Amino acid sequence: MNKRKILITSALPYANGSIHLGHLVEYIQTDIWSRFQKIQGHEVYYICADDAHGTPIMLRAETEGVTPEKLISLMYNEHLRDFTNFHIKFDNYYTTHSPETSYYSKDIYNKLKDAGLIAIRNIEQFYDPVKNMFLPDRFIKGECPKCSAKDQYGDNCEACGAAYAPNDLINPYSVISGTPPITKNSEHFFFRLSDHRCIDFLRCWTNEADHLQPEVANKMQEWLGGAGEKKLSDWDISRDAPYFGFEIPDAPGKYFYVWLDAPIGYMGSFKNFCEKNNIDFDEFWGENATTELYHFIGKDILYFHALFWPAMLKNTGYRIPTKIFAHGFLTINGEKMSKSRNTFITARSYLEQGLDPEYLRYYYAAKLNGTMEDIDLNFVDFIARVNSDLVGKYVNIASRAAGFLVNHFNCQVTNLSNQNTTHLSPELKKFKPNLVEELLKSADVIQAYLENRHYSLAISTIMTLTGKVNEYWDQQKPWEKAKQLDDITQRDALHIASSTTIECFRILTIFLKPIVPELAKRAEAFLNIQPLHWKDLWNALPQGHKINTYRHLMTRINQTQIDALIDTNKQVLGLSMDNTSSQNNIKIQQYIVTPISKIIL
RNA sequence: AGCGAAUUAGCUCAGCCGGUUAGAGCGACGGAAUCAUAAUCCGCAGGUCCCCAGUUCGAAUCUGGGAUUCGCUACCA
């Protein structure tokens with residue numbers, strides 16, 4: 001097998017809100033893929049960071065009476081702690097507010113400028129005369145021009161659904177100071193995305209070599225337009241002071257818009273990692289890099305990752321991503337995550353109920369399929385699936401067979417291929433290799449499913465095999481054989497059945513390891529073996545290998561834990577939410593803010 | 001509003017380049033077993049494949065219309 005060199009990223013969580021179950025879809029999806037590639041024996045780095053800049057962070061720090069630096073440092077710790085507790089294993093978790101990201105932001109900007117791809121234009125924007133700052137559209141509210149509903153955002157009305165521009169609002173006001181905004185001119189810097197160098201490149205890139213999922217590629221065609229059409233316009237990459245971010249070189253009072261430096265944060269975080277571990281940065285980011293680079297993202301930020309980002313890299317002498325993997329949103333019980341239904345659940349509140357993170361990892365894997373479709377977390381299904389598959393079927397295999405080996409065979413397994421089998425019946429000799437081989441025969445298809453992010457199909461394949469092992473065990477009736485231990489044939493048959501079953505458990509553990517790494521670790525301890533890799537599929541436990549006494553590897557989910565989770569969530573939300581009833585998932589996400597008193601732990 | 005996606009058993013989902021009686025897991029029901037955390041195994045029942053029309057010898061699968069849900073329509077993180 002040739003060893004691949006792979007750099008993997010997840011999108012950078014914004015340093016303004018807590019990690020919730022929706023975020024975790026992405027980090028769990030990515031982490032499974034990263035762990036899968038690692039146990040294949042490839043050289044893999046999984047990199048992420050907090051996205052630390054922008055107006056919302058600046059304003060929130062002000063509201064909380066701390067510096068932005070203090071705020072993002074607190075959020076950084078909270079995020080990393082939550083991820084770690086869900087067994088998300090980054091090789092480096094950093095922040096965009098770093099010298100490395102600053103360096104690459106300026107480097108990329110300067111190269112774009114030298115290439116003639118930066119334009120400076122005067123634009124008119126809303127301005128808060130009290131706060132002395134320009135206002136993004138979302139910071140302006142007013143009455144809907146159509147239905148007169150109050151307190152509507154500048155883009156559309158949540159009461160009647162009308163779409164309009166901010167200056168159509170009746171009695172507009174700044175969300176920050178409450179005063180009516182005025183309009184004001186200012187110079188802005190634009191990345192000339194409409195330049196033919198960008199458009200021609202993107203037309204090719206988005207359509208070739210499976211850089212994008214098919215449905216994403218179609219979407220990009222829509223955004224790019226056909227040949228001759230000019231749908232892409234230039235991208236405004238500057239913001240005026242006051243702003244929390246990096247100042248643009250030779251442009252006092254002008255800052256890079258947070259979305260410019262966010263993806264560059266992937267480079268910054270990796271550079272930071274390279275310095276600490278003596279790894280060649282250019283091998284992964286140089287123009288002609290032959291290593292692989294994958295970005296896992298949500299479908300909401302495709303624009304940035306499939307258009308702006310490749311166009312920036314293409315024109316500044318860096319490599320282009322190998323592929324972009326976009327996933328859908330999470331719904332809960334078939335509905336969007338919602339505060340009023342108490343289904344806006346943070347990572348923290350899940351853990352505080354004592355729910356095992358492996359449950360959620362397993363469940364998400366059972367739902368994920370490599371497309372951009374949304375996935376649903378249905379609590380009834382969640383409980384049934386985890387309890388039935390993971391505990392009832394998989395873990396139960398070890399629990400059923402272990403006692404016989406411990407009680408009658410000094411904890412030792414027998415390996416049929418290494419022992420004298422002359423006294424066994426032909427059926428018995430056949431059975432074990434057949435079952436083990438049947439499991440091993442599925443290795444390739446499971447591997448392919450995981451590689452292609454069809455986790456749900458991988459899981460259903462693994463669970464079919466798990467069912468077969470339980471079936472085999474039932475057919476063997478070891479509990480009957482255990483009553484006739486004086487009969488050498490029965491005794492050997494019992495030893496073979498138990499050892500075969502444990503060997504199958506070992507194989508299933510390898511299959512499941514990227515998905516439920518901590519459960520796999522407990523299984524390894526039970527089996528008394530070194531950490532398993534994919535190649536170990538074909539290295540059966542040797543003759544005479546001793547396993548440990550079985551202890552519970554996983555307990556079942558209790559309905560009361562789920563009830564408590566929803567109840568607790570209700571209280572937490574009541575304390576920390578503002579009362580906007582936004583229809584928009586992303587907006588909700590942005591305004592979910594943990595009071596700072598809660599994050600200073 | 002325009003564009004796109006989805007709609008299959010009680011629940012969660014496969015199937016979908018047209019072709020034999022529409023599949024799985026869970027749940028329900030019946031049975032077996034008692035090694036295992038009441039876990040497991042066997043059997044059985046459940047579906048006008050959103051609706052209407054069309055193409056076809058034949059449609060869950062293709063076309064058109066409709067309903068519902070969701071998303072995108074950048075300068076919003």
Side-chain angles (χ1 to χ4, degrees), chain A residues 11-17 51 53-57 123 125 136-139 153-156 161-163 188 190-191 193 215 218-219 222-223 231-239 257-259 262 299-304 307-308 328-329 331 333-336 363 366-367 369 371-389 391-393 395-404 407 454 456-457 459-460 463-464 467 469-482 494 497-498 501 550-556 584-587 589-591:
Chain A
L12 313 187
Y14 200 50
N16 189 28
D51 181 13
H53 291 151
T55 306
I57 286 173
I123 64 164
Q125 278 180 294
D137 287 358
R138 69 173 40 201
F139 285 88
Y153 286 101
D155 49 358
N156 67 327
H188 273 242
F190 290 79
F191 171 32
L193 204 64
E215 69 270 31
N218 290 339
K219 195 71 184 168
E222 211 176 287
W223 281 338
K231 284 195 165 181
L232 283 186
S233 45
D234 296 343
W235 180 34
D236 184 351
I237 56 161
S238 71
R239 292 295 183 272
Y257 172 46
V258 57
W259 258 114
K299 61 184 181 180
D300 52 325
I301 55 174
L302 266 170
Y303 220 100
F304 301 98
L307 296 180
F308 299 165
F329 290 139
T331 56
N333 293 334
E335 310 266 357
K336 279 189 234 186
Y363 189 72
K367 291 304 201 61
N369 66 4
T371 73
M372 233 175 18
E373 291 164 26
D374 292 351
I375 67 167
D376 185 47
L377 167 57
N378 177 287
F379 284 123
V380 175
D381 188 48
F382 175 65
I383 295 170
R385 197 101 193 218
V386 169
N387 287 351
S388 171
D389 289 1
V391 185
K393 292 212 166 71
V395 163
N396 196 222
I397 290 171
S399 176
R400 299 180 86 177
F404 293 103
N407 294 332
H454 285 298
S456 62
L457 290 175
I459 293 264
S460 68
M463 280 307 143
T464 300
V469 179
N470 275 305
E471 194 182 322
Y472 161 76
W473 182 259
D474 274 298
Q475 286 169 0
Q476 292 294 302
K477 302 194 196 317
W479 50 91
E480 290 181 1
K481 294 178 169 56
L494 175 62
S498 304
T501 298
Y550 177 82
R551 286 195 302 266
H552 300 339
L553 295 176
M554 178 171 264
T555 55
R556 310 169 79 77
N584 184 311
N585 217 6
I586 299 156
K587 277 183 190 161
Q589 201 165 308
Q590 191 192 4
Y591 286 92

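The structure displayed is predicted, hence computed values, not measured ones. Residue numbering restarts at 1 for every chain, and letters A, B, ... go by the order of the sequence lines.
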- Query: Who is the Watson-Crick or G-U wobble partner of rG64(B), with both distances under 3.5 Å?
  - Reply: rC52(B)

Between protein and nucleic acid, restricted to nucleotides 28-34 of chain B and to nitrogen or oxygen atoms under 3.5 Å apart, what atom pairs and distances do you find?
none

- Message: What's Gly54(A) touching, base or sugar-phosphate or nothing? Going by heavy atoms closer than 4.0 Å.
- Response: nothing

- Think Arg400(A) has a side-chain N or O under 4.0 angstrom from the OP1 or OP2 of rA39(B)? no

- Query: Residues two or more places apart in sequence or in another chain: which of them pass side chain to side chain donor-acceptor pair (under 3.5 Å) with Ser460(A)?
  - Reply: none

- Item | Side chain of Tyr257(A) - closest among rU37(B), rC11(B), rC76(B) | rC76(B)

- Go ahead and name the base partner of rU69(B); Watson-Crick or wobble counts if both distances stay under 3.5 Å, otherwise write none. rA5(B)

- Task: Only counting residues at least two apart or in another chain, list the ones meeting side chain to side chain donor-acceptor pair (under 3.5 Å) with Lys299(A).
- Result: Asp374(A)

- Using the glycosidic torsion, which applies to rG18(B): syn (within 90° of 0) or anti (everything else)? anti

- Task: For rA45(B), give its Watson-Crick or G-U wobble partner with both distances under 3.5 Å, or none.
- Result: none

- Looking at residues at least two apart in the chain, or sitting in another chain, which of them share a side chain to side chain donor-acceptor pair (under 3.5 Å) with Asp51(A)? none

- Task: Identify whether any heavy atom of Ser388(A) sits under 4.0 Å from a base atom; if not, whether one sits that close to sugar-phosphate; answer base, sugar-phosphate or nothing.
- Result: sugar-phosphate

- Message: Please classify the nucleic acid contact of Met554(A) as base, sugar-phosphate, or nothing, using heavy-atom distances under 4.0 Å.
- Response: base

- Message: Mind checking if Val380(A) touches a base, just sugar-phosphate, or nothing, with heavy atoms under 4.0 Å?
- Response: nothing

- Message: Starting the side chain at C-beta, find the nucleotide from rU40(B), rU37(B), rA77(B) nearest to Asn470(A).
- Response: rU40(B)

- Over 60° means perpendicular and under 30° means parallel, so classify the ring planes of Phe190(A) and His188(A), tilted if in between. tilted

- Paired to rC16(B) by Watson-Crick or G-U wobble criteria (both distances under 3.5 Å) is none

Are there any protein N/O atoms within less than 3.5 Å of an N/O atom in nucleotides 3-9 of chain B, and if so, which ones and at what distance?
from, atom 1, to, atom 2, distance (Å)
rC3(B), O2', Glu222(A), OE1, 3.3

- Item | Length of the line joining Ile301(A):CD1 and rG71(B):P, which is rounded to integer Å | 16 Å

- Item | Below 4.0 Å: OP1/OP2 of rC13(B) and any side-chain N or O of Asn378(A) | no

- Query: Counting any heavy atom closer than 4.0 Å, what does Arg239(A) reach on the DNA or RNA strands: base, sugar-phosphate only, or nothing?
  - Reply: sugar-phosphate

- Item | Ring geometry between Trp479(A) and Trp473(A) (parallel below 30°, tilted from 30 to 60°, perpendicular above 60°) | tilted

- Please measure how far the P atom in rC42(B) lies from the corresponding atom in rA60(B), and state the result in whole Å. 31 Å

- Would you tell me if any nitrogen or oxygen in the side chain of Lys367(A) comes within less than 4.0 Å of OP1 or OP2 on rC13(B)? yes

- Query: Which residue, Thr55(A) or Leu193(A), contacts RNA chain B at a nucleotide closer to its 5' end, judged by nearest heavy atom?
  - Reply: Leu193(A)

- Side chain of Ser399(A) (C-beta onward), nearest among rU12(B), rA36(B), rC41(B): rA36(B)

- Can you tell me how far P in rU7(B) sits from the matching atom in rC49(B), rounded to whole Å? 14 Å

- Task: For Asn396(A), answer base if it contacts any base atom (sugar-phosphate contacts may also be present), sugar-phosphate if it contacts only those atoms, and nothing otherwise; contact means non-hydrogen atoms under 4.0 Å.
- Result: base

- Task: Find the distance His552(A):NE2 to rC35(B):C1' and express it as a whole number of Å.
- Result: 15 Å

- Of the listed nucleotides rU12(B), rG71(B), rA77(B), the one nearest the side chain of Phe304(A): rA77(B)

What side-chain donor-acceptor pairs closer than 3.5 Å can you find for residues 380-387 of chain A, not counting sequence neighbours?
from, atom 1, to, atom 2, distance (Å)
Asp381(A), OD2, Tyr363(A), OH, 2.7
Asn387(A), OD1, Ile557(A), N, 2.7
Asn387(A), ND2, Ile557(A), O, 3.1

- If rG25(B) has a Watson-Crick or G-U wobble mate with both distances under 3.5 Å, name it; if not, just say none. rC11(B)

- Item | Shortest side-chain distance from Glu471(A), nucleotide among rC13(B), rC41(B), rG71(B) | rC41(B)

- Task: Mind checking Leu553(A) for me? I need base, sugar-phosphate or nothing, with any heavy atom below 4.0 Å counting as a touch.
- Result: base

- Item | Any N/O donor-acceptor pair, Trp473(A) side-chain to rC35(B) base, under 3.5 Å | yes

